[in-house]
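Keep in mind it's a predicted model, so treat the numbers as computed, not measured.
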Amino acid sequence: MTDRYFPNEMPDFVTETEESVKRGKASLTELLQLPYPKVAQKFLQSALDLKDKIVKETWVRAGRRVRDFTLYTGSLGTAFLLFKAYEVTKNKNDLNLCIEIVRACDTASRESEHVTLICGRAGVCALGAVAAKNAGDHALLNHYVSQFKAIKMPERVPNELLYGRAGYLWACLFLEKHIGEGTIPSTDTGTVVKEIIKDGIRLANKGSCPLMYEWHGKKYWGAAHGLAGIMHVLMHMELKPEEQALVKGTLRYMIQNRFASGNYPSSEGREADRLVHWCHGAPGVALTLAKAAQVFNDEEILKAAVDAGEVVWKRGLLKRVGICHGVSGNTYVFLSLYQLTGNIQFLYRAKAFACFLLDRADNLISERKMHGGDRPYSLFEGSGGMAYLFLDMINPSEARFPAYEL
């Protein structure tokens, strides 16, 4: 099992000191002791350096052409990172480059049948609209909103986040947050919600879990393709009381059937307690439970979220760097729990994981002790996710897992 993660040898808590770091590169121990504003400056500088490198590798060296348009592993992920950098620094060059890349993704995604934010055309139109609004370009904003509204849901579509109905709804929510309520008519989103609920009830088929879904023949539980991701999106939607009960009951089923370790199966009936990823396992479930603790004001769900966070602290220093299945993504569990509880220990744990990356990721990747991602500069698999995390560490109270938390 430990071949998947580094043993977490960091202290459970370190008191910050005002002592300055010795000249030269700070050690991990020294980083953990630094007052947060000082370490935040290191995160910022590293994030901006990484951002520039990612732009060079994924855009400039690619001849400013799009081969993979998606947010997950492609050019839209670079644009999403640039928009995040703009939000943090207000550098208009980042916003303008974001818009340039989205334009190219717009052309490249025209024939895509996928309708989600992370892997589909909805992501291109949604980010394009938001970036255009920030640039004050109303014509471009209207173009992307109208293109978004023109997206047609395929006749046969799954319900999960990366390629399915839940991922389309998340794109709608992203637009609502940044453009305004009513951008996408509630009648449109309501129809999609009803289809998700109907499919979930049908597959549950009077089983002990109120809702169940399949993707490629497996009943996944995780954030990317399964229950955690679908329930997470549904909790943002306007639901009837009986629909809310189905969502809450599904989460309780997951809690009651987790592993003895506190981790969660990757799919229904799966007995291997191996994966501690956002996509499969405790990290993605923890983020969903943190949302559920707010929505339902439920102490049992809150405790389950904290318990999942313990799994991430013990087994979450993965030998991968990325957002989807790496240390960067797992760090967001502690940021979410910090925002939910106000407990400073969770902020420390987020700082610890991020400092681990800041101090060691480059060397571990170069020594091939850590996987930099099959697409090493991408947002979800590679260093793009680490750069995004570092930008989020500047203001941890506002941090959100990209394309998952709102």
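The residues Arg315 and Asp273 are annotated as salt-bridged, a charged nitrogen and a carboxylate oxygen being separated by less than 4.0 angstrom. Ion pairing between Arg103 and Glu100 fails under the 4.0 Å rule for side-chain N and carboxylate O. Ion pair Asp68/Arg375 not flagged as a salt bridge, since none of the NZ, NE, NH1 or NH2 atoms sits closer than 4.0 Å to an Asp/Glu carboxylate oxygen. In this structure, Asp106 pairs ionically with Arg110, as a charged nitrogen and a carboxylate oxygen lie closer than 4.0 Å. A salt bridge does not link Glu243 to Lys248: none of the charged nitrogens lies less than 4.0 Å from a carboxylate oxygen.
When all heavy atoms of Val312 and Pro283 are compared, the pair lying nearest together is CG2-CG, 3.8 Å. Contact record, Met386 with Ala361: SD-CB, 3.9 Å, taken as the closest heavy-atom pair. Heavy-atom minimum distance, Gln147 versus Cys125: CB-SG, 3.7 Å. The two atoms that bring Leu161 and Ala403 nearest to each other are CD2-O, 4.4 Å, heavy atoms only. When all heavy atoms are compared, the tightest approach of Cys105 to Ser75 is SG-CB, 3.7 Å. What you find for Trp59 and Ala104 is that their closest heavy atoms are CH2-CB, 3.7 Å.
Thr116 contributes a side-chain N or O that, together with a main-chain N or O of Cys119, makes up a donor-acceptor pair within less than 3.5 Å. A distance-only check finds a donor-acceptor pair linking the side chain of Asn142 to the backbone of His138 [under 3.5 Å]. With hydrogens and angles ignored, the 3.5 Å screen pairs a side-chain donor or acceptor of Thr288 with a backbone N or O of Ala228. Under a 3.5 Å cut-off, the side chain of Thr58 and the backbone N or O of Gly74 do not form any donor-acceptor pair. With hydrogens and angles ignored, the 3.5 Å screen pairs no side-chain donor or acceptor of Glu300 with any backbone N or O of Arg252. With hydrogens and angles disregarded, a donor-acceptor distance shorter than 3.5 Å links the side chain of Asn8 to the backbone of Trp313. Counting only distance, with no hydrogens or angles, the side chain of Ser46 and the backbone of Lys42 share no donor-acceptor pair below 3.5 Å. The closest donor-acceptor contact from the side chain of Tyr213 to the backbone of Ile196 lies under 3.5 Å. A donor-acceptor pair under 3.5 Å is absent between the side-chain atoms of Ser336 and the main chain of Val333, judged by distance alone. A side-chain donor-acceptor contact under 3.5 Å links Glu160 to the backbone of Gly164.
His225 NE2 to Tyr163 OH: the interatomic distance, rounded to the nearest 0.5 Å, is 7.0 Å. Residue Ile99 holds its CD1 atom at 9.0 Å from CG of Leu127, rounded to the nearest 0.5 Å. Atoms CD1 and CG, from Ile101 and Asn96 in turn, are 11.5 Å apart once rounded to the nearest 0.5 Å. Atoms CD1 and CD, from Ile201 and Glu242 in turn, are 9.0 Å apart once rounded to the nearest 0.5 Å.
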> Would Lys149 and Asp188 satisfy salt bridge (charged side-chain N to carboxylate O under 4.0 Å, His left out), going step by step from the backbone distance to the final call?
Replying inline: CA-CA 10 Å; Lys149 291 179 178 179; Asp188 292 354; over 6 Å; no

> Should Leu44 and Thr89 be marked as a side-chain contact (heavy atoms from CB on, under 4.5 Å) after you check the CA-CA gap, both sets of side-chain angles, and the distance that decides it?
Replying inline: CA-CA 9 Å; Leu44 178 59; Thr89 68; 4.3 Å; yes

> Can you list the steps and then say if Asp3 with Lys319 is a salt bridge (charged side-chain N to carboxylate O under 4.0 Å, His left out)?
Replying inline: CA-CA 8 Å; Asp3 63 328; Lys319 294 182 178 180; over 6 Å; no

> Given Val124 and Thr70, is the side-chain contact (heavy atoms from CB on, under 4.5 Å) satisfied, shown in steps?
Replying inline: CA-CA 8 Å; Val124 176; Thr70 68; over 6 Å; no

>> Working note: Met231 + Leu211, criterion side-chain contact (heavy atoms from CB on, under 4.5 Å); need CA distance, chi angles, decisive distance, verdict.
In response: CA-CA 9 Å; Met231 296 307 107; Leu211 299 170; 3.8 Å; yes

>> Would Thr341 and Leu302 count as a side-chain contact (heavy atoms from CB on, under 4.5 Å) here? Give the steps.
In response: CA-CA 9 Å; Thr341 67; Leu302 172 59; 4.2 Å; yes

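Among residues two or more places apart in sequence or in another chain, the side-chain contact (heavy atoms from CB on, under 4.5 Å) test is passed with Gln45 by Asp49. For Arg65, the side-chain contact (heavy atoms from CB on, under 4.5 Å) criterion is met by Arg67, not counting sequence neighbours. Residues satisfying the side-chain contact (heavy atoms from CB on, under 4.5 Å) criterion with Asn297, sequence neighbours excluded, are absent altogether. The side-chain contact (heavy atoms from CB on, under 4.5 Å) check on Leu28 picks up Met10, Leu32, Cys355, Phe356, Asp359, Arg360, with sequence neighbours excluded.
A ring-ring contact (aromatic ring centres under 6.0 Å, His included) with Phe353 is found for exactly one of Phe334, Phe346, Tyr332, namely Phe334. When each of Lys351, Lys38, Gln33 is checked for a side-chain hydrogen bond (donor to acceptor under 3.5 Å, both in side chains) with Glu16, only Lys351 meets the rule.
Sorted by first and then second residue, the ring-ring contact (aromatic ring centres under 6.0 Å, His included) pairs with a member in residues 262-297 read Tyr220-His280, His277-His325, Trp278-Phe380, Trp278-Phe401, Trp278-Tyr404; sequence neighbours excluded. The salt bridge (Lys or Arg N to Asp or Glu O under 4.0 Å) pairs that include a residue from residues 72-94 are Lys51-Asp94, Lys84-Asp392, where partners are two or more places apart or lie in different chains.
Between His114 and Arg121 the shortest side-chain heavy-atom distance does not fall below 4.5 Å. Within the 4.5 Å cutoff, side-chain heavy atoms of Leu234 are placed close to those of Ile197. By the 4.5 Å heavy-atom criterion applied to side chains, Met393 and Leu335 are counted as neighbours. Inter-residue side-chain proximity for Pro11 and Tyr348 is flagged as met; some heavy-atom pair is nearer than 4.5 Å. Put simply, the side chain of Arg4 reaches to within 4.5 Å of the side chain of Arg274, judged on heavy atoms. Between Tyr72 and Leu379 there is no side-chain heavy-atom pair separated by less than 4.5 Å. Looking at heavy atoms from C-beta onward, Ile323 lies in side-chain contact with Pro402 at the 4.5 angstrom threshold. Side-chain contact between Leu406 and Lys291 is absent, with no heavy atoms from C-beta onward closer than 4.5 Å.
Remark: Glu367 CD is packed, more than 12 non-hydrogen atoms of other residues, nucleotides or ligands lying under 6.0 Å away. Heavy atoms from other residues, nucleotides or ligands lying under 6.0 Å from CD of Glu113 number 12 at most. Residue Lys369 places its NZ atom among 12 or fewer non-hydrogen atoms of other residues, nucleotides or ligands, all under 6.0 Å distant.
Between Tyr36 and Phe43, the ring planes lie tilted relative to each other; the angle falls in the 30° to 60° range.
Taking the six-membered ring for Trp and the full ring otherwise, Tyr168 and Phe148 have centroids separated by under 6.0 Å.
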